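What follows is a set of notes on a single structure, which appears directly below.
Sequence lines set the chain letters: A, B, ... in the order given, protein chains first and strands last, and positions in each chain run from 1. Quick caveat, the model's predicted, so the values are computed rather than measured.
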Number of protein chains: 2
Amino acid sequence: MATSQSPTDYDARDWPPFAVTVDLVVLTVRDGALSALVIRRGEDPYAGCLALPGGFVREAESLDRAAARELAEETGLAELPVHLEQLATYGAVDRDPRMRVISVAYLALAPDLPTPRAGGDAVAAAWTPVASILPDLFPGSPPHSGAAGASLAFDHARILADGVERARAKLEYSPLAAAFCPPQFTVGELRRVYEAVWGVALDPRNFHRKVTGTLGFLVPVGDTTARQGGRPAQLFRLGDVTLLNPPMLRPV
Amino acid sequence: MATSQSPTDYDARDWPPFAVTVDLVVLTVRDGALSALVIRRGEDPYAGCLALPGGFVREAESLDRAAARELAEETGLAELPVHLEQLATYGAVDRDPRMRVISVAYLALAPDLPTPRAGGDAVAAAWTPVASILPDLFPGSPPHSGAAGASLAFDHARILADGVERARAKLEYSPLAAAFCPPQFTVGELRRVYEAVWGVALDPRNFHRKVTGTLGFLVPVGDTTARQGGRPAQLFRLGDVTLLNPPMLRPV
DNA sequence: CAAATAGTGTCTATCAGACATTATATC
DNA sequence: GATATAATGTCTGATAGACACTATTTG
């Protein structure tokens, strides 16, 4: 009857259509700074503004596949060893001035890649320090005089902030910090990931003790490297745990 | 150009339309059991099956508003003192056999309400113990012989499982357990919420010490009640914190 | 009285954070 | 030698979990 609320009590074709997009929060750590992949928009609205990469979901494509496709297209790499997970969905009525668009945001964490090339595309993708876009998320850091200070188009600043907060929380309970590292990495490199994402300084000694004491997190490879200078450090690879126990808690 | 990926490089009207729905995971604690609001479907597909309540998003309505509207309609209460938050979005290509439907799921936590009445609607909503729908989430509990053992229509079992896991995690770091309680409650009542949601037994003495020691969580009202039998218990109301410190951690 | 629930105290193992110290590389 | 990074050790205070004990109600 007319007031029924079940999604299948009507033919779905009777109901208003929406455009559905995926937007990507792609994070990496470059030069010790948490950085996000952004594009510069060429067209109105928000022409010339920075925005998150993204695109429309195709008719025969799941949301997850659309996100993976967009990621591959934006970074120019076919199959990336990156973590990709759904973040949240944004559906304010006026978030796009032209029509009703529902955007499903995804969070991707990538190691420090070569500068991304747009896939033969007019829009150039570039890594930008998150602190220069959202200084509120990094209270102690100096104001960025560099490329930006610019805010993002649409509600993308909010989406980026949600993505950073998700990444910060995930680093506590999951081994995802390793997603920012190459396949083999040192404890110091892993610590610099935590410091960049959380925006805090950590005690190297306590960090070392904690991270090597968390069972299943790190597996020693047996080799060492001195790519940071100083005493050579042991190389590790990621273990097989999915949940850290005990967790790596953020400082209060 | 033709390979551009920005959602706004094209007129959105050129792209495939999707139907967008909201589905609700509404949880409460009844008789010591975590229970979810489910409806029985009257029409194909899945006629006669249980399903989560939900409905289509309207054209001039945000996702959050659509979820709040559906919740009010399904529970028959206009303005509920419930917690409502977005859970995740489900967009597999074949999740609805009739057409492409994107479903944004929301999680609602409610105190033990009078039996819900459907809003003059043919579909009757009812509370069902989650353990009878998803016994895997409650390993120690006895097999339910009652109303169900039935699984849910579409991908709703997965959505419900995700909602329960979200609720379980949120109880650790937020004061959301109080959303399952009346405005004034005892420590014992709050403990039974944690036990029902997590599906574990907790030590009443350690729980009392922890929960009363977490600053800002509970504010004593000054009154007592003996609605459980035994020695009368102090009544509390929820404090003003949004994040518990220290958190209430689930037993390993 | 017994039984049930509420509330406090005590003990121990573990963990987070502060910080000393040693080891091994480069400049 | 100076400096930088790596790695281990030590100490203290906070916390989690196990559990003894007391308090106050109902039946």
Side-chain angles (χ1 to χ4, degrees), chain A residues 29 31-32 171-173 177 181 184-196 198 200-237 241 243-252, chain B residues 29 31-32 171-173 181 184-196 198 200-237 243-252:
Chain A
V29 176
D31 305 322
L171 256 55
E172 292 193 294
Y173 296 97
C181 296
Q184 298 194 355
F185 52 89
T186 69
V187 173
E189 289 164 353
L190 190 67
R191 176 172 49 81
R192 281 180 279 275
V193 165
Y194 274 90
E195 291 178 327
W198 285 348
V200 298
L202 300 174
D203 185 297
R205 299 158 294 182
N206 290 336
F207 182 88
H208 190 284
R209 178 167 40 80
K210 262 183 88 163
V211 80
T212 54
T214 295
L215 258 295
F217 192 177
L218 300 186
V219 178
V221 170
D223 209 353
T224 62
T225 181
R227 48 189 175 219
Q228 298 295 332
R231 172 177 166 179
Q234 263 192 285
L235 280 169
F236 295 87
R237 63 172 177 81
V241 287
L243 221 64
L244 299 186
N245 194 305
M248 306 286 297
L249 297 176
R250 278 179 274 189
V252 290
Chain B
V29 175
D31 305 321
L171 256 55
E172 292 193 294
Y173 296 97
C181 296
Q184 299 194 355
F185 53 88
T186 70
V187 171
E189 289 164 353
L190 191 65
R191 175 173 48 82
R192 280 180 279 275
V193 165
Y194 274 90
E195 291 177 328
W198 285 348
V200 298
L202 300 175
D203 185 296
R205 299 158 295 183
N206 289 337
F207 182 87
H208 190 285
R209 177 166 42 79
K210 262 183 89 163
V211 80
T212 54
T214 295
L215 260 294
F217 192 176
L218 299 185
V219 178
V221 169
D223 210 353
T224 63
T225 181
R227 48 189 175 219
Q228 298 295 331
R231 170 177 167 180
Q234 264 192 282
L235 281 170
F236 294 87
R237 63 172 177 80
L243 221 65
L244 299 186
N245 193 303
M248 306 285 297
L249 297 175
R250 277 179 274 189
V252 290

Using whole Å, what does the distance between atom [atom2] of nucleotide [N] and atom [atom1] of [X] come to?
X: B/Asn206; N: D/dA20; atom1: CG; atom2: P; answer: 12 Å
X: A/Arg250; N: C/dC15; atom1: CZ; atom2: P; answer: 21 Å
X: A/Phe207; N: C/dC15; atom1: CZ; atom2: P; answer: 17 Å
X: B/Arg192; N: C/dA4; atom1: CZ; atom2: P; answer: 14 Å
X: B/Asp203; N: C/dT5; atom1: CG; atom2: C1'; answer: 13 Å
X: B/Gln228; N: C/dG7; atom1: CD; atom2: C1'; answer: 16 Å
X: A/Gln234; N: D/dT8; atom1: CD; atom2: C1'; answer: 12 Å
X: B/Leu202; N: D/dA16; atom1: CG; atom2: P; answer: 13 Å

With respect to the side chain of [X], which nucleotide from [options] is positioned closest?
X: B/Pro232; options: C/dC15, D/dA6, D/dT24; result: D/dT24
X: B/Ala233; options: C/dG7, C/dG9, D/dA7; result: C/dG7
X: A/Val187; options: C/dG9, C/dG7, D/dA7; result: D/dA7
X: B/Arg205; options: C/dG9, C/dC19, D/dA20; result: D/dA20
X: B/Pro246; options: D/dC19, D/dT15, D/dT5; result: D/dT15

Nearest 0.5 Å, please: how far is [atom2] in [Y] from [atom1] in [X]?
X: B/Leu235; Y: B/Arg227; atom1: CG; atom2: CZ; value: 5.5 Å
X: B/Phe217; Y: B/Leu243; atom1: CZ; atom2: CG; value: 11.5 Å
X: A/Met248; Y: A/Leu202; atom1: CE; atom2: CG; value: 7.5 Å

Minimum heavy-atom distance A/Glu189-A/Gln184, with the two atoms named: OE1-O, 4.4 Å
Can you name the closest pair of heavy atoms from A/Ala196 and A/Gly32 and give their distance? CB-O, 3.5 Å
5'-most contact on DNA chain C (nearest-nucleotide basis), B/Arg209 vs B/Arg231, goes to B/Arg231
Can you tell me if the side-chain N/O atoms of [X] get under 4.0 Å from OP1 or OP2 in [N]?
X: A/His208; N: D/dA7; answer: yes
X: B/Arg191; N: C/dA6; answer: yes
X: A/Lys210; N: C/dC15; answer: no

Under 4.0 Å, heavy atoms only, any strand: does B/Ala226 hit a base, just the sugar-phosphate, or nothing? nothing
